[in-house]
Each structure stands twice: as structure tokens, then as C-alpha cells.
Amino acid sequence: MPIIDHHEEAYISLMRGLKDLDLRGPYIPSDLVLIGDHAFPLAMNNRGQVLMAASLYGSGRIVVLGHEGYLSTFPALVENALTWLRGDGSDNVSVAVHRNVKSVADNLRKSSFQAEVVGGSQDSLGVGVYVMEAYSVGADTKELVAFMKAGGGVLIAGQAWSWAGGHPKQNTLLLFGGNKVSGVAGIYFSEHQGDAEYLHVYPQIPSSWMAVVIGKDFEDDLEFLLEGISEFDLQNGVVASELLIHGPLAFPIGTTEDGRAFLAGAYYGQGRVVVITHEGLLKRETLAPFWNNAIRWLDEGRNGVVDVVPDLHEAFNLVHKSGFNCKKTDFREDLSVFVCTAHSNEHVKEIQDFVAEGGGLLIGGHAWYWAQTHHGQNPMTDFTGNKILNKMGLSLLEKIIWEGSYKATVPSQAIKKTYHFRHLLHRFAGHVSEGEELTAHEEECLKKLGGDCANYLHMKQQQNIICTDSCPAKSPRDHLLLSVGTEVYKVCPDPDDLLPYLINNNPLMPVVYNHRIKIHVNTAGAEEWISTGLYLSPGMKTYLAIPAEIVNKGWQIQIGCQTDRLHAEVLKRAPCVHEWFPVTSEMMQVWNLWGGLLYLVARPKTQVKGLEVIVQMAVPVPYYKSGECVVDDNGGNVKGLQAAELEFDNIILTVPSDVVRDLDRPEELAVLWNDMMKAIADLAVIPHKFPRKEHFVTDVQISHGWMHAGYPIMTHRSTAAELVSTDHARSKGLWGPIHELGHNQQRACWEFPPNTTECTCNLWSVYVHEQLLGINRAQADPIMTPTKRKARAEDYAKGGRKLSSWDTFVALETYMQLQDKFGWDAFKRVFAAYHKINNFPNDNHGKMNLYAETFSQAVGMNLTGFFKAWGWPIQTATEEKLSKLLPWSDHPMVQFG
């Protein structure tokens with residue numbers, strides 16, 4: 001089972017029964033820094049600061065709270081922690097509580113635990129869990145770590161910011177008491193204060209793109225390491241590997257001019273590591289001054305034994321010459337610094353524990369040759385050096401750094417001028433999520449970031465970017481992956497390498513080659529999508545041969561029909577899944593991480609006839625066009641395809657492929673939709689041939705509403721079956737889809753937003769159902785029954801006939817009363833009249849008076865009394881214009897006084 005699964009189980013156990021954590025109050029916690037595979041947050045504030053965390057070390061466990069006050073503030077959390085810390089299946093209920101946090105023992109009196117107050121960890125032997133504050137760590141650090149490593153549980157709480165304030169020039173990560181224990185397990189109390197907030201407890205481990213990316217600035221470390229160093233000599237036959245720096249406590253020391261690292265350092269647990277990406281450089285005389293600095297940095301003033309493996313004989317001589325106490329043996333535990341290569345499979349776990357518990361590691365090696373000679377294996381996880389280094393936030397890549405002489409970094413400029421994968425990914429996440437501006441240097445590094453994301457995912461071997469209807473993305477982490485993953489894929493120099501880690505189910509489908517598409521276009525005042533009947537799988541690349549006549553003429557290639565951008569808290573798909581490419585050359589290569597239907601997009605007022613586009617390779621989709629045959633080169637097998645398209649005289653339906661699998665008579669559906677679109681045109685008094693075909697697109701999630709109008713009209717996938725069913729349309733109707741088509745017929749000159757925005761579009765729903773489908777308005781929508789209609793009008797009148805209440809179905813009743821009296825022909829005459837009117841008022845009051853006048857003229861009757869009864873602001877001038885017409889004095893609103 002992957003580590004992440006264990007983390008989720010542990011988190012659920014630790015937070016069981018907790019709904020919230022109110023951290024507001026007198027306590028100011030430390031922000032905790034987490035590294036390695038085993039540490040995970042329990043409480044994270046809105047800034048991404050970790051205030052509580054847990055981890056594993058050896059056979060034991062640890063829970064860290066960012067302030068000792070939390071031990072008494074959250075007794076339920078403490079009991080959960082003690083239960084988890086004693087280990088799965090353990091019945092050891094004994095708990096040793098340090099006397100400085102005696103209140104914990106007092107709170108446990110009524111629990112199942114047997115708490116004993118002790119003076120130090122030496123009194124905790126034999127217990128299951130030891131509870132302490134972070135300031136009680138003394139000379140018994142080794143015993144505490146050994147206790148935890150052997151299977152004991154440690155609950156430690158405190159903050160380090162006040163200690164750091166009193167020790168301004170000391171290294172908080174290594175020297176603060178609590179870190180000497182918790183740091184071994186990858187959790188550090190930092191010198192930064194955490195914001196104490198009221199936090200909800202969610203079922204998932206908390207995460208945020210704002211979480212700490214670099215645990216310290218490393219300027220003091222670089223000043224020590226680079227003292228007297230002006231350049232690094234990588235000349236004379238050395239071919240080094242590139243190094244990926246991904247840990248929050250890892251940092252570059254030596255880089256090329258374009259930011260690729262060959263030398264780096266890191267903190268890991270209570271120890272340190274320095275990595276050079278070719279073992280031959282450990283013996284280089286010109287680098288001796290740096291190795292002198294590095295070993296002193298790794299030794300941390302202990303003046304201990306420096307052990308060099310026998311394979312590095314020349315490196316041993318170099319170190320010995322510098323005056324260090326050197327031994328030439330294989331790994332042993334009584335060392336201060338261990339010098340080795342990245343090519344030995346021995347002692348991997350022992351070396352990691354050695355560093356975690358305070359040792360120094362100097363390691364050299366390259367991964368590119370191993371990768372070339374171990375086909376089919378993953379260098380990020382299978383190469384020995386990376387088995388050691390990955391947990392420390394460093395990884396050797398198969399990419400090569402060629403020989404050269406490279407200038408040393410200026411320590412004060414290290415963070416701003418050098419490349420750090422985690423830091424840039426954090427900055428890029430802020431750019432994508434919050435619109436933060438990137439520096440010119442950061443912009444230049446984006447392509448490298450894309451490649452490093454692929455390498456990082458190779459190391460993690462996780463596939464976490466897909467979300468579905470049944471498994472939606474809810475957490476900030478999932479949102480970030482969906483947004484940033486898409487953008488990183490675009491800038492990645494090797495997107496095919498990254499693809500398997502972003503899309504985990506990408507089946508192969510039959511394709512067609514050199515598919516020719518004839519283009520006949522005559523667009524009016526809006527752009528138009530031209531369907532190709534082709535689909536690109538996620539990440540699939542293809543070339544399009546474009547006729548010169550449309551190159552650089554505003555045309556675009558579009559992949560994906562779901563063009564809604566989502567801003568929801570729960571995501572069933574990525575926020576943006578379509579891609580556009582401007583047509584700028586006669587040969588275009590296109591692709592989309594999410595795949596999708598392939599379209600050509602023609603700009604407004606474009607006339608083209610008989611041109612041909614050739615698509616090199618694509619998947620044919622089930623596609624029907626009125627008057628043409630069904631195109632289905634998959635032999636009817638549409639399994640795995642996301643969409644099918646049905647194109648009729650005035651409308652295109654893009655639906656999931658499975659809903660057309662049993663569509664035996666598409667021509668019947670074509671007749672129905674052709675008739676419905678003619679009916680829509682008839683009421684709007686426009687030609688039967690639309691200037692641009694309407695387009696329905698179904699999606700697992702849309703930006704707002706159950707459906708929404710536009711081009712295309714978007715609707716949820718669950719309505720797709722109704723769109724392609726003649727039986728459903730003729731028996732139950734299609735109120736919602738016709739409502740959206742009605743939206744597209746609304747005109748500003750006779751609309752009174754916001755009152756009529758969701759009202760007048762329903763005129764088309766009523767008209768099509770009654771005039772074409774033979775379904776009366778009350779059957780089409782139960783809200784239109786005579787009883788409900790009368791009640792709405794009566795309530796409106798009794799409420800004072802205020803226009804603020806005149807909207808949606810209340811407003812629709814106004815139009816229905818007109819229709820009941822004068823019929824649909826009256827509306828057609830009104831809409832026809834508006835086609836001839838040139839000057840319109842801009843305000844609702846003026847437009848309402850024009851509508852009252854236009855409708856009155858169309859029916860030959862003075863309707864001002866009727867509209868006034870509905871609260872319309874009818875002006876005296878309008879009444880005077882219509883005074884010669886017979887008034888409608890017995891209108892339905894009279895009955896309400």
C-alpha cells in the first residue's frame with residue numbers, strides 16, 4: 001500500500017470526532033516545516049502554514065503541536081494522538097507525561113490511559129507514549145530518538161519563534177530543543193509565527209499551494225560553503241548529471257549559467273548532505289577548497305571521523321591532506337561524516353538514518369549512464385543514489401551537464417537568481433491561481449519547470465490529476481493539480497513523458513490518417529465552429545495541412561467542445577479543458593492535455609467555399625449530418641469515445657457517445673429538430689435558415705445553472721438522452737432546452753433586465769410545446785397550471801404591484817395574459833415591428849413604454865391600462881399616443897382591484 005494511503009488512515013484516526021479546531025486565543029504557534037515521505041499536516045491555516053503535524057520514524061510515531069498550550073486546549077485531539085501513537089493493535093495504555101505538561105496527565109484521569117508524571121525521557125522506558133513540551137529536550141536526545149525508532153510514540157508541543165528571537169545567530173532547525181527529536185522524523189518547529197485561526201476539520205489531509213516551499217533562506221549556509229570559492233571546475237572529461245532540487249530544506253550550491261544544478265546541499269532530520277553529480281569530482285584538486293568547506297559544514301563542529309569508502313582512494317587522499325581525521329572503510333555508525341558514491345546498493349536505509357540522526361553525508365555520482373544502460377527502469381526510483389537522496393529533497397537526473405567552468409553563486413542573491421524547482425512551482429501556482437506576476441527570470445525557467453515536473457512525478461509515481469463525477473476534486477491540493485498540471489504540461493519540453501502521470505486512463509482507439517475535410521463557410525456577425533467529425537485523445541498530437549487562403553486570417557483550431565471555465569469548489573473536471581491555436585502557418589501541429597473534438601473556428605463575416613483541410617491522424621467519432629450518411633469508422637464501436645455529434649439544418653447536438661449507440665433512426669430526430677428550430681424562427685419572425693447553427697454541448701459540469709444559453713448552449717450530461725429522444729420530446733417535452741434557445745432569441749430592445757431575463761425566453765418554450773409538440777403549457781411545466789398562474793397574479797397585485805417583484809414566472813404571466821387574449825400572431829407582429837425600429841431607449845422605463853405602444857398598435861387596442869395594472873411605468877405621453885384606440889378594459893388584472 002502506498003505511503004499516502006497510510007497517511008490518510010492515520011489522519012482519520014488522529015482527527016476522529018473533531019469538527020473544528022479553534023486556535024484563536026492566547027497562544028501563538030510556530031509554523032511547522034515538513035520534509036520527507038512520512039510527515040503530513042494535521043492542521044493548516046489559510047496561508048498554508050502547518051500548525052500541527054504527524055510523522056513516522058523507524059517503527060515509531062510522532063505528533064507535533066505548534067504550541068504547548070494545545071495539549072490542554074484540545075483534550076480530544078490528545079486522546080486520539082495517544083491512541084495512534086501507541087501503534088496499531090497495541091494494548092499498551094501506559095503514558096509517561098513530562099512534569100512540565102502535568103495538565104495532560106490530569107486530563108487523562110478519566111480516560112483508559114494510565115498516565116505517569118516523569119522528570120525526563122529516561123523515566124519513559126517501557127511505556128507506549130511519551131508526552132513532552134519542546135523545551136524539555138536535553139542531553140537525552142539520543143535516548144528519545146532510539147525510543148521512537150524502536151516503536152515508541154512521542155507527543156511533543158511547543159513553539160520556536162521566541163527561542164529564535166533570543167538566539168538570533170543560531171540555527172533554529174538544528175539547535176532548537178524540540179527539533180532535535182521531531183526533526184529526525186521530518187517535522188521542524190520554525191522561527192516563523194503561525195496565524196492562529198478557526199479551522200474546520202475536513203475528511204482529507206489539509207493541503208494548500210501556499211504551503212511552505214523553502215524552509216529557510218540558506219544564505220548563511222552558502223556563505224560558509226562558498227567562502228573563498230569563485231568558480232567550480234567541471235572541465236577535462238567530466239560529464240555530470242543534472243540535479244533536481246525539490247525539498248523545502250534543499251538548496252543549490254553550484255549551477256550552470258542557465259540554472260541547472262550540479263552541486264547542492266540539504267538538511268535532513270538533524271543532519272546535512274552535500275551532493276555533487278559526478279563522483280570523479282570528489283577527487284579533483286581544484287575543488288579541494290570547496291570540499292574542505294563542505295566537510296566542515298557537514299561535521300557541524302564535532303571534529304569527528306570522516307569515513308571515505310575504499311572506492312574513492314584519491315578523494316580520501318584529498319580529504320586527509322586537508323587535515324581531517326579520516327578513515328577508509330565501508331559505512332559504520334560511529335562517524336561524523338560519510339563520503340561515498342551514488343552507485344552502491346549497500347546501507348541505503350542505514351545512511352538515511354545516519355543523516356536523520358545528525359550525521360553528515362557527502363555523496364557523488366551521476367545517473368545518466370545508469371539510465372542509458374537500464375532500459376525500462378525508472379532512474380528516479382530505481383537508481384541507488386536516488387533511493388538515498390529522494391527523501392532528502394534531491395534527485396539525480398538522467399539529463400547531462402557538459403564540462404565547463406561555472407561561476408559560484410552570490411549567497412545574498414541565491415533565492416532570487418538561482419532555480420529551485422519547489423520555489424518556482426510555488427510561484428507558478430500563485431501565477432495560475434492568483435494572477436501573481438512572474439519575474440523575467442522565472443518566465444525563462446518555465447520550460448525547465450515543466451520538465452522537472454515530469455521528473456518529480458516519475459519519482460512520486462502518483463496519478464492525481466484526474467477528477468470525475470464519482471471522484472470529484474474538493475481539496476485545494478486537487479484544485480492546484482488540475483490548474484497547474486494543465487499549465488505545466490503546456491510548457492513541458494517533453495509533454496509525452498509527463499502525460500502518463502497526469503492522465504491515468506488513456507485507452508488506444510482506432511484512428512484515420514490523412515482525413516480530408518471540405519470547408520464551406522459563410523459566417524454572419526459571429527464566429528462559427530466547423531465540426532470535423534474527429535477527436536483527439538488526451539495528449540494526442542496531430543498535424544493539420546491548412547490552405548494558404550485562411551492562414552493568418554483570424555481562423556483558429558479548437559480542441560474540445562466544453563468551453564466553460566469552472567470556478568466551483570467541487571470540480572468534476574478540470575477548470576479549463578479546451579485549447580485554441582491561431583492558424584498561422586500551412587502546417588500546424590496541435591494537441592490538448594485533455595483531448596477533445598476537433599474544430600476549425602471561422603471568424604465573423606467569412607466566406608470560404610471548397611477549401612480542403614487535411615488532418616494527419618485523429619479518431620473518427622460517431623457523426624451524423626442531415627442529408628449525409630452516418631460517419632462511424634469505428635464500426636459502431638464507440639466505447640471509450642467521449643462525444644458524438646448530430647448536425648441538423650439549424651442545430652448541432654454534441655452528446656456522450658453512449659446515448660447515440662442505440663439511435664437507429666437519426667433522420668426522425670433530424671426532422672423533429674428541424675421542425676422545432678423552424679418554430680423558434682417563426683415566433684421570432686426570422687428566416688428559417690439561421691445565420692449560424694445553434695449548438696448544444698453536454699458536459700459533466702458547467703459554469704452555472706442546470707443549462708445556460710450562449711454559443712454553445714451548455715447543459716449537464718444527464719440531459720443528453722432527452723436531447724436525442726423523439727419519444728421523450730413528443731410525450732414529455734423539452735422545456736429546458738427550448739428555454740435556452742429562447743434566451744438566444746432575446747433582444748435588448750424588448751428586454752427589461754433583470755426582470756425579464758428568465759421570463760421572455762419561456763415564450764419559446766410555451767410556443768414550441770403547444771404549436772408543434774401538442775403539449776399544453778401546464779403539461780410542459782406544472783408551474784403553468786391555471787390555478788398557479790392566477791395565484792401568482794393575485795399575490796403580485798396584493799403585494800402592491802411592485803416591479804421589484806415582477807420577474808421570472810410572475811413576469812411571464814403578463815405575457816401569457818396577452819397571449820390568451822390576442823394569440824401568438826400578435827407576438828409575431830410585435831417582433832416583426834421591432835425588426836423595423838431603429839432607435840430604442842436605453843433604460844427599462846423607456847423600453848417598457850415602447851413595448852406597450854408597439855403591442856397596442858399590433859393588436860389595435862389601447863393596452864396602457866393593462867400594463868399599468870401590472871405596475872409598468874406608463875408615461876402620459878404613451879397614453880396620449882394610444883388614446884384613439886379602444887381600451888382593453890376587461891383585462892384579467894381587473895379582478896384584483
Side-chain angles (χ1 to χ4, degrees), residues 7 10-11 14-15 18 20-36 38-55 57 61-82 84-85 98 100-101 103-104 107 129-137 153-167 172-202 205-208 210-216 248-249:
H7 288 179
Y11 175 80
L14 285 160
M15 309 309 286
L18 299 175
D20 52 55
L21 294 170
D22 191 352
L23 304 183
R24 300 169 298 182
Y27 307 124
I28 301 175
S30 264
D31 179 17
L32 305 177
V33 177
L34 275 55
I35 68 167
H38 295 295
F40 58 97
L42 301 178
M44 180 183 287
N45 66 18
N46 290 326
R47 288 179 55 196
Q49 294 178 312
V50 178
L51 308 180
M52 301 178 183
S55 187
Y57 187 69
R61 301 174 175 183
I62 187 170
V63 170
V64 181
L65 308 182
H67 197 285
E68 65 274 16
Y70 296 160
L71 288 170
S72 55
T73 306
F74 303 107
L77 174 62
V78 169
E79 284 203 42
N80 286 348
L82 296 177
W84 180 74
L85 287 168
H98 192 277
N100 290 355
V101 287
S103 60
V104 174
N107 290 337
V129 182
Y130 180 51
V131 184
M132 63 185 298
E133 33 128 83
Y135 324 111
S136 303
V137 178
V154 175
L155 173 57
I156 184 170
Q159 50 80 17
W161 54 264
S162 59
W163 183 93
H167 302 77
T172 304
L173 294 178
L174 295 182
L175 300 179
F176 175 65
N179 285 336
K180 295 178 182 180
V181 178
S182 64
V184 173
I187 303 175
Y188 299 86
F189 298 88
S190 82
E191 61 194 64
H192 303 293
Q193 295 184 357
D195 288 348
E197 302 170 355
Y198 178 87
L199 304 177
H200 292 286
V201 174
Y202 294 103
I205 294 174
S207 61
S208 170
M210 292 184 287
V212 65
V213 291
I214 296 183
K216 66 191 298 286
L249 294 178

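- With 3.5 Å as the limit, one finds no donor-acceptor pair spanning the side chains of Tyr135 and Asn100.
- Judged by distance alone, the side chain of Ser182 and the main-chain N or O of Gly178 form a donor-acceptor pair under 3.5 Å.
- In terms of modelled atom types and a separation under 3.5 Å, the side chain of Ser103 and the main chain of Ser72 share no donor-acceptor contact.
- A donor-acceptor contact shorter than 3.5 Å links the side chain of Ser190 to the backbone of Asp31.
- Annotation: side chain of Leu42 is in contact with side chain of Val63 (closest heavy-atom distance under 4.5 Å).
- Looking at Met132 and Val137, their side chains come closer than 4.5 Å, going by heavy atoms from C-beta outward.
- Contact annotation: the side chain of Leu199 never approaches that of Met44 to less than 4.5 Å [non-hydrogen atoms, C-beta and beyond].
- Atom CD of Glu133 sits about 8.5 Å away from atom CD1 of Ile156, to the nearest 0.5 Å.
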Exercise. Side chain to side chain contact (heavy atoms under 4.5 Å, CB included) between Leu71 and Leu155: does it pass, once the steps are laid out?
Worked result: CA-CA 9 Å; Leu71 288 170; Leu155 173 57; 3.7 Å; yes

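- His38 has its ring centre no less than 6.0 Å from the ring centre of Phe40.
- A donor-acceptor contact shorter than 3.5 Å links the side chain of Ser30 to the backbone of Ala160.
- Smallest separation of non-hydrogen atoms from Asn46 and Glu197: N-OE1, 3.1 Å.
- Pairing each heavy atom of Pro41 with each of Ile205, the nearest pair is O-CG2, 3.5 Å.
- Nearest heavy atom pair, residue Ala185 against residue Ala39, reads O-CB, 4.1 Å.
- Atoms CD and CG, on Gln193 and Leu51 in that order, are 11.5 Å from each other to the nearest 0.5 Å.
- Between the side chain of Ser55 and the backbone N or O of Ile62, no donor-acceptor pair lies under 3.5 Å.
- For the atom pair His192 NE2 and Arg47 CZ, the distance stands at 9.5 Å (nearest 0.5 Å).
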For this session: Let me see the working for Glu68 and Tyr27 under side chain to side chain contact (heavy atoms under 4.5 Å, CB included), right down to the final yes or no.
Result: CA-CA 9 Å; Glu68 65 274 16; Tyr27 307 124; over 6 Å; no

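- Side-chain contact between Leu82 and Val131 is present, with heavy atoms from C-beta onward closer than 4.5 Å.
- Closest of all the heavy-atom pairs between His67 and Ile28 is CD2-O, 3.3 Å.
- Not a single donor-acceptor pair under 3.5 Å links the side chain of Gln159 to the backbone N or O of Phe189.
- For Asn80 (side chain) and Leu14 (main-chain N/O), a donor-acceptor pair under 3.5 Å exists by modelled atom type.
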Exercise. Can you check side chain to side chain contact (heavy atoms under 4.5 Å, CB included) on Leu249 and Leu173, steps first, answer last?
Worked result: CA-CA 10 Å; Leu249 294 178; Leu173 294 178; 3.6 Å; yes

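- Counting only distance, with no hydrogens or angles, the side chain of Trp161 and the backbone of Gly194 share no donor-acceptor pair below 3.5 Å.
- The heavy-atom pair separating Ala53 from Ile187 by the smallest distance is CB-CD1, 3.8 Å.
- Counting only heavy atoms from C-beta outward, the side chains of Met15 and Leu21 approach each other to under 4.5 Å.
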For this session: Go through Trp163 and Asn179 one step at a time and tell me if the side chain to side chain contact (heavy atoms under 4.5 Å, CB included) criterion holds.
Result: CA-CA 12 Å; Trp163 183 93; Asn179 285 336; over 6 Å; no

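- Of the possible polar contacts, none joining the Arg61 side chain to the Ala54 backbone as a donor-acceptor pair under 3.5 Å is found.
- Residues Tyr188 and Leu32 fail the side-chain proximity criterion, which asks for heavy atoms closer than 4.5 Å.
- Atom CZ of Phe74 is separated from atom CG of Asn107 by 13.0 Å, given to the nearest 0.5 angstrom.
- Of the possible polar contacts, one joining the Gln49 side chain to the Asp195 backbone as a donor-acceptor pair under 3.5 Å is found.
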